[in-house]
Each structure stands twice: as C-alpha cells, then as structure tokens.
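Worksheet: the structure to be examined is printed underneath.
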Amino acid sequence: MAKNFSTRDENYSQWYNDLVIKADLAENSAVRGCMVIKPYGYAIWEKMQAILDGKFKETGHSNAYFPLLIPKSFFSKEASHVEGFAKECAVVTHYRLKNSPDGKGVIVDEDAKLEEELIIRPTSETIIWDTYRTWVQSYRDLPILINQWANVFRWEMRTRLFLRTAEFLWQEGHTAHATRLEAIAETEQMLRVYADFAENYMAMPVLQGIKSPNERFAGAEETYCVEALMQDGKALQAGTSHFLGQNFAKAFDVKFLNKENKLDYVWATSWGVSTRLMGALVMTHSDDHGLVLPPKMAPIQVVIVPISRKPEEFAAVSEKALEIKKALLAKGVSVKFDDRDTYTPGYKFAEHEFRGVPIRLAIGPRDIQNGTVELARRDTMEKETYQMTDIENKIVHLLENIQQNLYNKAATFRDDNTHYVNTWAEFVETLDNRGGFIYAHWDGTPETEQKIKEETKATIRLIPIDGKKEAGKCVLTGKPSERRVVFARAY
RNA sequence: CGGGAUGUAGCGCAGCCUGGUAGCGUGCUUCGUUCGGGACGAAGAGGCCGCUGGUUCGAAUCCAGUCAUCCCGACCA
C-alpha cells in the first residue's frame, strides 16, 4: 500500500515534509488546530471552488454572505441543533483589550463585556434562517436558492490536517421551498452534484445514500451523503445534503402564504462540502512518490523542464518549450515552463512529482536534434519519448486518459475492498483484517448501531439510495432486516 | 477532561542518567566545478536548550510549577 496516502500515519512526517511543506500545501499554524493553506494547496481549493460554483449556478443558485458572529440566543431556538454544536463553539465575550497595569502586554478589558455573547459560526443555519424570515411572505418569494462560501469554526477535541481542522473553508447552501417534495428534490439534486464532482472531477468513486438517525445532521429530518473509501480501508464522508423539513422554519418563524391563502412554514435544505475534500483527494490518489492529482484538479497540468548546459542550448530548448506551451494553452491546458536556473533537472523532476503534476515534459539538446520530447506521466510513472509533431493533441488525449485511469484505479480498489458479510464473526474479522465497506444487515434500531460502534468502532456510513430490498438477519442481533446497509470504520 | 509521551538551529534529532556554558544530519549563504532522475567540494551564517521559579560557585542537564504539542479515549464535515 502506498505510504504517502494519508494525512497522518507512521509516515505522516514524511508526507508532511515532502508534500505539505515543500509542496506548499499547508502547515500547522500557531493557532490551535487551524491550518495555513499555502499557495499550491489553495490553488487546488480554488479549482474545486470554481467547478462547484459553476454547478451551483447551473442549478439556479446564487452566492451571498452572512456574518461570522452569531448571537448566542439564536442557538437556543432549534433544540437538536444546539445539542449537536453547543459543545464545540468558540464564544466571543468581550469587545476590547487594554494595556496591562503591570506594563506587560495587553489584557481583556472587563468593562467591555458583551451583554449577549457572540458565537463564531460552526455553521450558518441559525443566522440565515433568522434572516430568511424577513425575506419570505408569499409563495412568490420562494424558492430561495442561496449558497455561501465561508469559513466556519468548531472547537474540536482532536484535529487532523484537512480532515478535521478547527477552522475550515467550505460552502454551505441554504434553500427555502414552498413544498416538502420540492425541498426533497433539491436535497437529492445537490447530492448528485456532489457525487458528480467527486467522481468526474476528483476521480474519486463515492457511494450515495442516507444517514441513519444516529449519524444525521443536528436539526435535519434526513441527511444524504456521499462516502468515499480511502487507501487504508477507512471511509470518509465527502459531502452532505440535508432535508431540514420545517424544523428551522418553525424555530425561526419563517412563514408564507401559499396559493390557497393559507399560512404555512417553508421547507428547508442545507448542503455543504469543505476543505476536507483536499484530504480526500490526497488520500485517494497519493502514492509513495507523493501527491497524485487528477488532471481536472491540477493547478498545473503539464510542466516543461528544460535540460541544457550551455546558454545556446537553453535558448534552443526554451524556444521549443514556449512553442509547446503556447499550443497547449490554446487547447485549454494549464502549463508551467520551469525555467528556474537555480535547480537541477533531477531536483525539478522530483519536486513536480511529489506535487502531483499529471504530465512532465523534458526537452534537451537531444530532443531538439531529433524533433522529440520526453514525456512522463505521474499516475503510472511511465516515461516515453514522443515525436514533437501534434504533441498538444496527444497531451490533451493523454490527460483524459490519466483522469480516467485514476478513477478506474480508485474504483477497482473500492470494489476490491467492498465485502458482503452475514455473521457477526465475519463482520469483526473483515473489519480487523481487511477494512473497507461492509454491506451487512441491520435491524434498524439506534441501540444496535450504537452497540456495533462501541464494540468495533464501525459506524453505518449510509443506507444505499439505490439499495435493493433483501430479506436477512441483523448481523448483531439476528432480528429481521429488509436491506443491507454500509458499515465502515471512518475518519 | 482521563491515560501515555515530547519540547534543544528552518526541519529531523543527539546531549540530560553522572551539572562545567551546545553538537550531528539536512536545509540556508558565498565561490568554483556541475546540470537527460533529488550534484560535488571548500568556506560561512544561524540557538534567552518551551516558560517561571528553586537548588548550586556554576543548570539544556537536578527539583517544583506552568504552557504547548503529539498519541490513545469521549466529540466531529
């Protein structure tokens, strides 16, 4: 198994040093559990943002922005929502500092205590629904289809780079609808958007389904999710879409007059993905040589490394490289000509490799003479000499090929690590020795789910959306079950 | 918050047991030779040894406290 697939294992420091620091992905900052996303890492996030944002617009959504600080009282309005987030909220209590009387630094000015504390948003449902109340009076005001790109903060007990940082970047969609069915359709539509993004852009196969009540979002009536399988056999929730019913509308009194002139509460959804996707990307494709980026996620798709000793050689190589670069740019391929004279070619090869650049071209005097170029693909690590003629079309084709290959590889891994088990012994054995997704019968009770979690650390990742009905017996209790659900140990 | 460990150069670490004023690898700077897979040599720069206090002629080293980080739990996108 690849050693560098993880954001933390015994090889974590290697990954951290080679990929995170050298590759400028991110590094821990002094702020507890937060991350500095360095330029290369942020470029990947920007790519994700651009694609997702385009899909949100295609499906009729607009972006907006709501405040970072939320009055504490907002949190007491939806009971289960509070319960879910109360324990991990950072609270603002004062609004001023003053010079310390002993002359050493500054202290909190107790005179500047806030009458009502403010909460740094762990998610924005409350402040958004409080705002929506004033926007909705008639069914003509619906639907409201809004997305927000923002940071949120959750005071997590334990953090992990990308997968669970205290502060993270995300998008949160919050929509309001006139009918239950319309809201459910929206919830399901956004789940499909996430699945499409994961599979067709991140080259990461996902399962789609709904969460068991235990795993449901605080305040939701139904939580849909996409789950991916990482290279160590653990599952990762990659995106969620919640049908909130009328819970938040009732809590925040968001009412409208419907076509029958009757007062009704609006139906709500919320959905989000976060910088956790960056962790998912790393952990799905990386290998012992570092990061592997699917072409559609790569800030740089092709890097050209010149090889030369003398200035006149560099001039010839450079001319050819720029020619190729221009042709590729015209095809919409992002290219970097790495003409730094401060590093040797070997160093550059290694560096672009652990940064995951899908295709590397090397051009030297030999190539100039032969009209060739050396091409190395990151996914297979294969090197081949290509004729220069029509190189841009060959590369465009190859990029598609690499994208597909990475997906296939991940899908094969996922399938190889998907197990159907029927007995408790098998269940435990599979978890301990093989990991992966386990399709098993469950009697449908939260108690059984809890017991399984306590004994094996495995949770129900999802109830498959397209799951076939199949009579069986619960893997723990032996009670009747009508369909298999997916268990796994998860991040 | 419970259990375990660790704080020494940008990064990774040794030194601590047995106190005497700090070292290795890598990285960084300069010069020269190199450049088709992380080049080599020489000369350099860089440290309130996490913080506070105590013991001592003298503390990275011993003692107490404190802060921070990491790992295992509870919590979680």
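These figures come from a predicted structure and were not determined experimentally. Here is how names work: the chains are called A, B, and so on, in the same order as the sequence lines, proteins then strands, and each is numbered from 1. Any value given below was found using the heavy atoms of this structure, including those in side chains, with hydrogens, waters and symmetry copies removed.
Judged by the 6.0 Å and 45° rule, A:K38 forms no cation-pi pair with A:Y40. Seen from the ring of A:Y343, A:K348 does not count as a face-on cation partner, given the 6.0 Å and 45° thresholds.
For A:E353 against B:G37, a side-chain-to-base donor-acceptor contact under 3.5 Å is present. One N or O donor and one acceptor, one from the side chain of A:R360 and one from the base of B:G37, sit under 3.5 Å apart.
Of the residues near RNA chain B, A:R461 and A:I307, the one whose nearest nucleotide (by heavy atom distance) lies more toward the 5' end is A:I307.
Scored by the salt bridge (charged side-chain N to carboxylate O under 4.0 Å, His left out) test, A:K72 finds A:E117 as partners (sequence neighbours excluded).
With no hydrogens or angles considered, no side-chain donor-acceptor pair links A:E222 and A:T187 at under 3.5 Å. For the residue pair A:E429 and A:N433, a side-chain donor N or O sits within less than 3.5 Å of a side-chain acceptor on the partner.
No contact: A:K211 has no heavy atom under 4.0 Å from any strand. If you check every strand for non-hydrogen atoms under 4.0 Å, A:T372 touches nothing. As judged by a 4.0 angstrom heavy-atom cut-off over every strand, A:Y343 is placed among residues making no nucleic acid contact.
Nucleotide B:G10 forms a pair with B:U26, judged by Watson-Crick or G-U wobble geometry with both contacts under 3.5 Å. The partner of B:G36 is absent, by the rule that a Watson-Crick or G-U pair needs both atom distances under 3.5 Å.
For the salt bridge (Lys or Arg N to Asp or Glu O under 4.0 Å) condition, the pairs that include at least one residue of residues 360-370 of chain A, sequence neighbours left out, are A:E353-A:R360.
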List every contact pair, protein side and nucleotides 39-42 of chain B side both N or O, where the distance is under 3.5 Å.
residue, atom, partner, partner atom, Å
B:A39, OP2, A:T344, OG1, 2.9

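Taking side-chain N and O atoms only, A:K348 has no distance below 4.0 Å to OP1 or OP2 of B:C35. Distances shorter than 4.0 Å separate none of the side-chain N or O atoms of A:R366 from OP1 or OP2 on B:G36.
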